[in-house]
J.: 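Take a look at this one; I'll ask things after.
Order of the sequence lines sets the chain letters (A, B, ...), proteins ahead of strands, with each chain counted from 1.
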Amino acid sequence: MSSRPDPAAAPAVADEDAAAVRLHEVGHVYDGAGGPVAALGPISLTVPSGTFLVLVGASGCGKSTLLRLVAGFEKPTSGTVLTGGAEPVPGRGAGIVFQQPRLFPWKTVGGNVELALRYAGVPRAERARRVPELLERVGLHDVADRRIWQISGGQQQRVAIARALAGDDPLLLLDEPFAALDALTRERLQEDLRRVSAQTGRTSVFVTHSVEEAVFLGSRVVVLTRRPGRIALDLEVGLPRTGIEPDELRALPEYAALRAEVGHAVRAAAA
Amino acid sequence: MRVLSLLALLALWQLAAAAAGNPSFVPAPRAVWDQLVLLSTTHDGVRGYSGHLLAEHLGISLRRILVGSALGVAAGLVIGVVLGAVPWIRLVAEPVVTFVRALPPLAYFSLLIIWFGIDETPKLWLLAIAALPPVAVATAAAVHGAPTGLVEAARALGASRWNVIRDVVLPSALPEIFTGVRLAVGVAYSSVVAAETVNGVPGIGGMVRDAQRYLQTDVVVLGLLAIGLSGLLIDGLLRAAETRLIPWRGRT
């Protein structure tokens, strides 16, 4: 069911593992309007390869900051962040899905995915083959020639996920990717992401403020306190990753228990 | 509706001409029409105006406008991208662009004549210099204000600095650049008469200037109409190109 990760075993695995994320005493302070603001930490966290880690916390707890540090968009003001054993650089080793799809409107749907493949160094002939393949993988058919504004918000976010998967990076980072979608679409995308994630087994860090989403998607859930964000709860989720229908999963008693535990921790941490 | 307003305008013009009672002051539409026919044909052994048909005058001016604004737009694009992308160059060079923009074309035309003579070169220079600032300013603003979200998304996909400029910054700037180009062509249009004040025949501006000397008001009016109408046409073409080239305009 759920247990705390073994603190002794995890780092030993991570040292050898290119896909893992390691945070050591990471803190981040930025210049706000009224002086410096401590956004995060200090936090130490090790994510072994293959983990689907969900960071959950109230808005403004620094979870998005943490993701930007792991993506390499910003450098921590203290401590070290390592992905694959090296300092993270944007565009190297991690695919990113943002809250907004951030697709390029001057490209078609297929063109957006194609561009990602090009940046990843995939040769032209192979790109033509892989674009429809990637779109299929996120549940999109016959949309490659459409314009971005001709598909729905949910479909746009699917394209963004396909684009992030294009580079075959060992790490996938997702910053509240479903927060702007309606409830029904969000649920379907969660189910599809869970399926895709189980298929690829890619190390993922997913940021959300939704307890439901955290428990449904995560193989490990970390709850952050309010600013400056620290770890309030670190939970290994023992739910089955494959061979189970989403509705069956949600009906499991362990699922309800986990949701209650995480929900309680989030509320306590935000107080 | 448009036809109706056009007819109303014509009627108003006719009334004004009748009221003025002096064809050298306000020529009647009929007189201008006769000039159009006269200048478009060879009559009494005279070919059009000063040996060139109206269409030839207009064609030569249009060619100057086209080449001049093409040069100005190309230079404006390069300067705009540099201004938008490199803050310290923007700081130094932006006042220069604004300075040039404030100068009336006739003011620097004298200098261009001293440098380049009286043939085609100074005319093209004048039009290029007139067309450059609108494009440079629009491009600089658009490049500077490139959407950070999209730039970040491209970087996350592994785009190099050059990739980001080519695939994100420039396409996202395209709508504003296009507005700059339309402005630039407009400025080149209004500068063509200035460019053709010296040795401007053949050329529609030169024709208007000569006609003014001899008080051929109907020819002056005809020239103005030719410039204005062809300008409308060119702007229409640019707009059509814009909707084709930038289908995402207004959709983001």
J.: Is atom CD of A:E136 surrounded by more than 12 heavy atoms (other residues, nucleotides or ligands) closer than 6.0 Å?
T.: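 Yes - once you tally the heavy atoms of other residues, nucleotides and ligands closer than 6.0 Å, there are more than 12.
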J.: Does A:R188, at its CZ atom, have more than 12 non-hydrogen atoms belonging to other residues, nucleotides or ligands within less than 6.0 Å?
T.: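 Incorrect, the count does not exceed 12.
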J.: Give, as side chain, backbone, both or neither, the part of A:R163 having an atom under 4.5 angstrom from any heavy atom of chain B.
T.: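 Its backbone and side chain both get close to chain B.
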J.: If I measure from the heavy atoms of chain B, does A:A94 come under 4.5 Å with its side chain, its backbone, both, or neither?
T.: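 It is the backbone, since no side chain atom gets that close.
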J.: Which atom pair, heavy atoms only, marks the closest approach of B:V168 to A:F104?
T.: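 Heavy-atom minimum between the residues: CG2-CE2, 3.7 Å.
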J.: Is it true that, when you exclude A:R92 itself, more than 12 heavy atoms of the residues, nucleotides or ligands shown sit nearer than 6.0 Å to its CZ?
T.: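 No, the 6.0 Å shell around CZ holds no more than 12 heavy atoms from other groups.
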J.: Any chance you could measure B:N163, atom CG, to A:R118, atom CZ, to the nearest 0.5 Å?
T.: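 Taking CG in B:N163 and CZ in A:R118, the distance rounds to 6.5 Å.
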J.: Above 12 or not: heavy atoms from other molecules or residues under 6.0 Å from CZ of B:R239?
T.: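 Counting neighbours around CZ of B:R239, 12 or fewer heavy atoms of other residues, nucleotides or ligands fall under 6.0 Å, so no.
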J.: Show me the donor-acceptor pairs, under 3.5 Å and distance only, between side chains in residues 231-238 of chain B and residues at least two apart or in other chains.
T.:
unit_1	atom_1	unit_2	atom_2	d
B:D235	OD1	B:R182	NE	3.1
B:D235	OD2	B:R182	NH2	3.3

J.: Please flag which part of A:R102 lies under 4.5 Å from any non-hydrogen atom of chain B: side chain, backbone, both or neither.
T.: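 For A:R102, heavy atoms of backbone and side chain both lie under 4.5 Å from chain B.
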J.: Which one wins on heavy-atom pair count under 4.5 Å against chain A: B:S160, B:P147, B:G149?
T.: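 When all of B:S160, B:P147, B:G149 are compared, B:G149 has the most.
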J.: Side chain, backbone, both or neither: which part of A:L103 has an atom under 4.5 Å from a heavy atom of chain B?
T.: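 Backbone only.
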J.: At their closest point, which heavy atom of B:L157 faces which heavy atom of A:Y119, and how far apart are they?
T.: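 Nearest heavy atoms, B:L157 then A:Y119: O-CB, 3.2 Å.
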J.: Can you tell which part of A:W106 gets under 4.5 Å to a heavy atom of chain B, answering side chain, backbone, both or neither?
T.: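 Both the backbone and the side chain of A:W106 come within 4.5 Å of chain B.
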J.: B:S172 versus chain A, heavy atoms under 4.5 Å apart: side chain, backbone, both or neither?
T.: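 Interface part for B:S172: both.
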